[in-house]
There are 2 protein chains.
Amino acid sequence: MEIPGVVIARLPLYAQALEALAQKGEEVVSSQRLGEALGITPAQIRKDLSYFGRFGKQGRGYNVAGLLGSIRQILGLDRQWRMALVGVGRLGRAILSYEGFAPQGFHIVHAFDVDPEVVGRKFESLVVRHVRELEETLAQEPVDIGVVAVPPEAAQEVIDRLVRAGVRAILNYAPMTPRVPPGVQVRRIDPVVLLETMTYYLKGQEGVRFLQGRDPLFLR
Amino acid sequence: MEIPGVVIARLPLYAQALEALAQKGEEVVSSQRLGEALGITPAQIRKDLSYFGRFGKQGRGYNVAGLLGSIRQILGLDRQWRMALVGVGRLGRAILSYEGFAPQGFHIVHAFDVDPEVVGRKFESLVVRHVRELEETLAQEPVDIGVVAVPPEAAQEVIDRLVRAGVRAILNYAPMTPRVPPGVQVRRIDPVVLLETMTYYLKGQEGVRFLQGRDPLFLR
DNA sequence: GGGGATTTGTGCTATTTATAACATTTTTTG
DNA sequence: CAAAAAATGTTATAAATAGCACAAATCCCC
Ligand SMILES: NC(=O)c1ccc[n+]([C@@H]2O[C@H](COP(=O)([O-])OP(=O)(O)OC[C@H]3O[C@@H](n4cnc5c(N)ncnc54)[C@H](O)[C@@H]3O)[C@@H](O)[C@H]2O)c1
Ligand SMILES: NC(=O)c1ccc[n+]([C@@H]2O[C@H](COP(=O)([O-])OP(=O)(O)OC[C@H]3O[C@@H](n4cnc5c(N)ncnc54)[C@H](O)[C@@H]3O)[C@@H](O)[C@H]2O)c1
């Protein structure tokens, strides 16, 4: 069975909301309530979950901890994931010091750059290597995911390198669209692109309120 | 006529690719070539553009500078946009110093926090104000967009405040889903959520290559 | 300046995605 | 304990989105 990508993309949002509910001490939740928290219809949530099994109890709802565990397992979050960062400039250093990755099982285990000022230096107990050692390093100690924080002109080259070294998932902070072979996952983090999708609706000036169709996923 | 949100969401990608082409000195581009650069079918691109008018020339393609200008106008990027940042911690300071916003017409003109260590200090020639002055400040000098970089527990409260002050677009870096009244745009920047949409495909282990359906937009 | 090659814009069709509705099960209440 | 209320999983229906294919326009080359 082939599960739609858009369904996979919603699962992390369900997991995030379930974590917040668990935090608050909630033990069960209905698709209705979960939907209200996320701005998604209850039918959508039930349908999404039904791709993977039966997790709820009629008349009651879903066990928060149980469903969270199931979703984490579906997403492969029941293990640790190793990542390599390329580009240790201002953004790269901020990424290295972000504590939001580890609690979800994501760990940066290598960092690369070209700048002689940066190569050899230590950030967050990680020594920056020259990017020319990337293939060799990843052959010795492989990673699952590459994180790219270099200028856009250098990004394609860096991504090619990561792919050649066997990396099959890229988190791309550079404002460009890379070409990758099929089977390699890429996700873009680009605040400017997101801002630009909002200005379209803003420019309709004070008067207009409802213009948008259904909101394409990344809303909210 | 009601233009699908997913079409609007692609326009900034077209603009970004056109900027790169203009940089390289290209004067015209076909939907074919633009599509190759973005991993989008040529038909899709032509259909998207046809919602707004006729920008191409048969047998030739699109004038790069001309189409870029048209798209920027459609998106409302032919003016400057004012933003307020809330939360001047580590991420907030990184956002303040990011030079990617200004070239596209986005400017942070206010910064707010609650921490007495931070309020009153200056970052990038901007004095941080206490968040309790938010409504008053925005009444005097309004902004179009709010940028939220506070811990997730504080984010809903901050967003409510921004909305009450008349802000109708939010760029949200906090890992949570806020509730906002209809007509208010929200976009999420959440690297962990994106990573989690990739691990699903990675966990299928070395053997599997093609699992994904069509990729939901943020790919590439 | 004529003819083959390109490439757009769009009507039509196919596919994907979301919603609605309901039978079934469980819980709660009186 | 029976009846009403609540909530799931799933089938059917509707809506949204993408792709195809082609007439019409333009370009380029000789
Ligand atoms: N998505 C976001 O939120 C966001 C925010 C800020 C910056 N950015 C983008 O991230 C990138 C980096 O931004 P920054 O402010 O850190 O810039 P920066 O100049 O401070 O850092 C870039 C680093 O990349 C290194 N580098 C250059 N070419 C390289 C190569 N081929 N291999 C390895 N390293 C290389 C440089 O030596 C430098 O250390 C830019 O593309 C920028 O647009 C994205
Ligand atoms: N999306 C991303 O790429 C990304 C990256 C890093 C951090 N984050 C998120 O951004 C947020 C901030 O992260 P950080 O590392 O900068 O944390 P931080 O603790 O360094 O900064 C948070 C700031 O928010 C301020 N704050 C708290 N409550 C406030 C309120 N009610 N009003 C105004 N200001 C308030 C604090 O005083 C502090 O200065 C967190 O939610 C974090 O998860 C997102």
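None of the values given here were measured: they were computed from a predicted structure. First the proteins, then the strands, lettered A, B, ... as listed; each starts at 1.
At a threshold of 4.0 Å, the pair B:R79-B:D144 counts as salt-bridged, since one of the basic side-chain nitrogens sits closer than that to a carboxylate oxygen. Between A:R179 and B:E36 no salt bridge is recorded (no basic side-chain N to carboxylate O distance below 4.0 Å).
In the model, B:S30 has no side-chain atom that pairs as donor or acceptor with a side-chain atom of B:R60 under 3.5 Å. Under 3.5 Å, the side chains of B:R90 and A:S97 contain no donor-acceptor pair of N or O atoms. Between the side chains of B:Q23 and B:E19, not a single donor N or O lies within less than 3.5 Å of an accepting N or O.
Look at CD1 on A:I45: it is 18 Å from P on C:dT17, rounded to the nearest Å. When rounded to the nearest whole Å, the span between CZ of A:F52 and C1' of D:dG9 equals 15 Å. Rounded to whole Å, atom P of C:dT16 lies 14 Å from atom CD of B:Q44. Atom CD1 in B:I3 sits about 12 Å away from atom P in D:dT17, given to the nearest Å. Distance, B:E2 CD to D:dA15 C1': 13 Å, rounded to whole Å.
Closest approach of B:Q156 to B:P178, counting heavy atoms only: OE1-CA, 3.3 Å.
For B:T41, the side-chain contact (heavy atoms from CB on, under 4.5 Å) criterion is met by B:A43, B:Q44, not counting sequence neighbours. Listed by chain and residue number, B:R161, B:R164 satisfy the side-chain hydrogen bond (donor to acceptor under 3.5 Å, both in side chains) test with B:E135 (two or more places apart in sequence, or in another chain).
For residues 42-53 of chain B, every residue pair satisfying the salt bridge (Lys or Arg N to Asp or Glu O under 4.0 Å) rule, not counting sequence neighbours, is listed here: B:R10-B:D48.
Listed by residue number, the members of residues 22-35 of chain A with any heavy atom below 4.0 angstrom from DNA chain C form an empty set. For residues 60-74 of chain A, proximity to DNA chain C is found at no residue, defined as any non-hydrogen atom under 4.0 angstrom from a strand atom.
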Which protein N or O atoms sit under 3.5 Å from an N or O of nucleotides 20-23 of chain D?
from, atom 1, to, atom 2, distance (Å)
D:dA21, N6, B:R46, NH2, 3.2

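Ring-plane geometry between B:Y98 and B:F101 is classed as perpendicular, the angle between the planes exceeding 60 degrees on a 0 to 90 degree scale with a lower cut at 30.
Each of A:L75, A:L77, A:V7 was scored for a side-chain contact (heavy atoms from CB on, under 4.5 Å) with B:Y200, with one residue passing: A:L75.
Of the side-chain N and O atoms in B:R54, none sit less than 4.0 angstrom from OP1 or OP2 of D:dA24. The side chain of A:K57 places no N or O atom within less than 4.0 Å of a non-bridging phosphate oxygen (OP1 or OP2) of D:dA7.
In this structure, A:G59 and A:D48 both approach DNA chain C, and ranking their closest nucleotides by distance from the 5' end singles out A:D48.
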